[in-house]
Amino acid sequence: MSPWSEGLRRLRRYPSAVAGMLIILALLGTAIYAVTAIPYSEAQKLWRGGEEWQDLPVNASPAWTDRLTGGNAPPTLSVGADAERRSVAPFDGGRIEERTLHFEFDYDDFPSELNLFLDAEFESRAPFVRMTWERPDGTEVALGSRRVGARERVSISQDSALEARLGQAPQVGLFSDADAAEPEVMPGTYRLVLETVHFEEEGRLDPELVAYGQVHGLFGTDHQRRDLSVALLWGTPVALAFGLIAAVGTTITTLIIAAAGVWYGGWVDAAIQRLTEVNIILPLLPILVMVGTLYSTSIWLMLGVVVVLGIFSAGIKMYRAMLLPIRQAPYIEAARAYGASSPRIVLRYMVPRILPVLIPTFVTLIPTYVFLEASLAVLGLGDPVLPTWGKVLHDAQAQSALYHGFYYWVVSPAALLMLTGLGFAMLGFALDRVFNPRLRNL
């Protein structure tokens, strides 16, 4: 049985290793799903926000948190496509049209906002619309009238005149009994009647009423109406790619440089050791902060700086101590006797000898770089075009999410970061016991 097969067989004996591998597989599955379900260009477009999220509420908590506590908070309701249409009175050159938008509202709390989107088509004369709100008990509330442009948003919940007439916020007053002492949701069917005067025979008006909820999806929304699931899903491949590339780049390069220094010795080894000693005292995070502040916050530039500064790390001295006895091994002398070149001896005979010991170090390094990328993003130095876990935490900090009670905004990315660290740490520690004979009996 090969050493690798024997190592895998021993690895299965550790429950922590199995749990760590399951966590890592779940993260890999999430990363694959993210890049296939949401292409990179679409993820960037969604994260920039704008009209893509106009139908989502602001700072809505995950729906499952409300249902878990027995609540019945309203989700976002959107009506418009199935609006009833009725021609009231045609006239010369135009017509009067009535459209009714209706929906059921059987929730325990009020909507967070109420917006009406009007999409009109006309050539020269814009249509005129009058809006009336009908409660389930039959009472009507006039919402005013206006001329409609090609694309308009009527912010009903921000209508100060309506708020003054109702005596409370429109999204509360329109959904409650006007005679009640305390605002209480009136369940039932609500209607918005739009009476539109078209001054052109071919004129058209398409309405959409959005009653924004207080809960949304699995992860909620942020202050820009963005669905946090986009950043949390896409943050997984970004974090794993950054951690994996940085760990591979620094670990393999460091090992090869250490082996070259041991083999060639002399001034080569001395130069490597001096560079390592200088690089060890350089603070990585402040250097990255300077690069991000003075030059660019591109994640690929940051990755390059991390790899370059991580090459001459303290690991060189550890690998050098492990490689010095190997240099004097008989099979190395045999390789020199049959004429093997120095690069072949370094890459073919020296480096593979300590690869098993290198694997646990490599695995535990991955979350280190994942946390580093998140730390840069929290400090405001994350890549501006990429949705990542650190960017979510940065936005939450900037908007005082914890102060306002938006715990989901912080807990979700923090839990994913901790889960990533836990999975790789559990697997790395188990690998260390498998490949390090001194730890097998502990």
Side-chain angles (χ1 to χ4, degrees), residues 51 53-88 97-119 129-145 148 152-159 162-163 165-196 205-221 225 227 229:
E51 293 187 359
W53 302 118
Q54 69 177 10
D55 289 348
L56 298 187
V58 175
N59 294 331
S61 59
W64 61 269
T65 59
D66 177 71
R67 304 299 183 259
L68 194 64
T69 56
N72 190 28
T76 297
L77 303 176
S78 178
V79 292
D82 57 346
E84 297 178 0
R85 181 182 307 206
R86 185 170 67 91
S87 181
V88 177
E97 183 182 71
E98 183 180 284
R99 302 194 69 174
T100 303
L101 291 78
H102 56 85
F103 62 95
E104 294 290 330
F105 195 85
D106 299 316
Y107 301 97
D108 296 339
D109 210 340
F110 298 97
S112 59
E113 292 179 82
L114 198 62
N115 284 340
L116 176 65
F117 297 93
L118 300 173
D119 188 4
V129 62
R130 182 171 62 186
M131 301 167 288
T132 303
W133 183 266
E134 294 183 2
R135 296 190 181 97
D137 60 357
T139 58
E140 297 183 352
V141 179
L143 301 183
S145 56
V148 181
E152 286 197 16
R153 183 184 70 174
V154 182
S155 299
I156 300 175
S157 53
Q158 297 180 9
D159 189 335
L162 178 61
E163 183 175 357
R165 283 195 288 126
L166 295 174
Q168 51 198 339
Q171 68 270 24
V172 175
L174 293 176
F175 285 84
S176 60
D177 188 350
D179 299 328
E182 294 292 334
E184 186 175 343
V185 176
M186 181 188 301
T189 302
Y190 288 83
R191 293 178 176 85
L192 176 62
V193 181
L194 304 175
E195 189 175 353
T196 308
L205 179 67
D206 292 328
E208 181 187 11
L209 176 67
V210 181
Y212 296 90
Q214 298 187 13
V215 296
H216 177 79
L218 289 175
F219 299 102
T221 62
R225 303 184 188 274
D227 192 335
S229 62

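These values consider heavy atoms only, across backbone and side chains, with no hydrogens, waters or symmetry-generated copies.
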### Interatomic distance, M186 atom CE to D106 atom CG [nearest 0.5 angstrom]
12.5 Å
### Message
I'd like to check the side-chain contact (heavy atoms from CB on, under 4.5 Å) partners of V141; sequence neighbours left out, ordered by chain and number.
### Response
W133, R135, L143, L162, R165, L166, L174
### Summary
Nearest heavy-atom approach of R67 to A73 is NH2-O, 3.2 Å
### Query
Between G220 and D227, what is the shortest heavy-atom contact and its length?
O-OD1, 3.5 Å
### Query
Between the main-chain N or O of L205 and the side-chain N or O of R99, is there a donor-acceptor pair closer than 3.5 Å?
yes
#### Entry: L192 CG to T100 OG1 distance, which is reported to the nearest 0.5 Å
8.5 Å
### Task
Calculate, to the nearest 0.5 Å, the distance between atoms CD and CG belonging to Q54 and N115 respectively.
9.0 Å
### Query
Hey, does Y107 have a side-chain heavy atom less than 4.5 Å from the side chain of V185?
no
### Query
Considering all heavy atoms of both residues, which atom of S176 and which atom of Y190 are nearest to each other, and what is their separation?
N-OH, 4.5 Å
#### Entry: Short side-chain to backbone donor-acceptor contact, T76 and G213, under 3.5 Å
yes
### Message
To the nearest 0.5 Å, what is the distance between CG on L118 and CD on E208?
### Response
10.0 Å
#### Entry: Contact check, side chains of V193 and E134, non-hydrogen atoms, under 4.5 Å
yes
### Query
Nearest 0.5 Å, what's the OH-OG distance between Y212 and S78?
8.5 Å
### Task
Taking all non-hydrogen atoms of both residues into account, name the closest pair between A63 and V215 and its distance.
CA-CB, 3.7 Å
### Query
Are L218 and P62 side-chain neighbours, meaning at least one heavy-atom pair lies under 4.5 Å?
no
### Message
Take a 6.0 Å sphere around CD of E184 and say whether it holds more than 12 heavy atoms from other residues, nucleotides or ligands.
### Response
no
### Message
Tell me whether the rings of F175 and F105 are parallel (<30°), tilted (30 to 60°) or perpendicular (>60°).
### Response
tilted
### Query
Roughly how far, to the nearest 0.5 Å, is CG of N72 from CG of D109?
9.5 Å
### Query
With distance as the sole test, does R225 use its side chain to make a donor-acceptor pair with the main-chain N or O of L56 at under 3.5 Å?
yes
### Task
Ignoring hydrogens and angles, state whether a donor on the side chain of S112 or Q171 is under 3.5 Å from an acceptor on the partner side chain.
no
### Closest heavy-atom pair and its distance - P170, D159
CG-O, 3.9 Å
### Message
Could you check whether any side-chain heavy atom of L114 comes within less than 4.5 Å of a side-chain heavy atom of L209, counting everything from C-beta outward?
### Response
yes
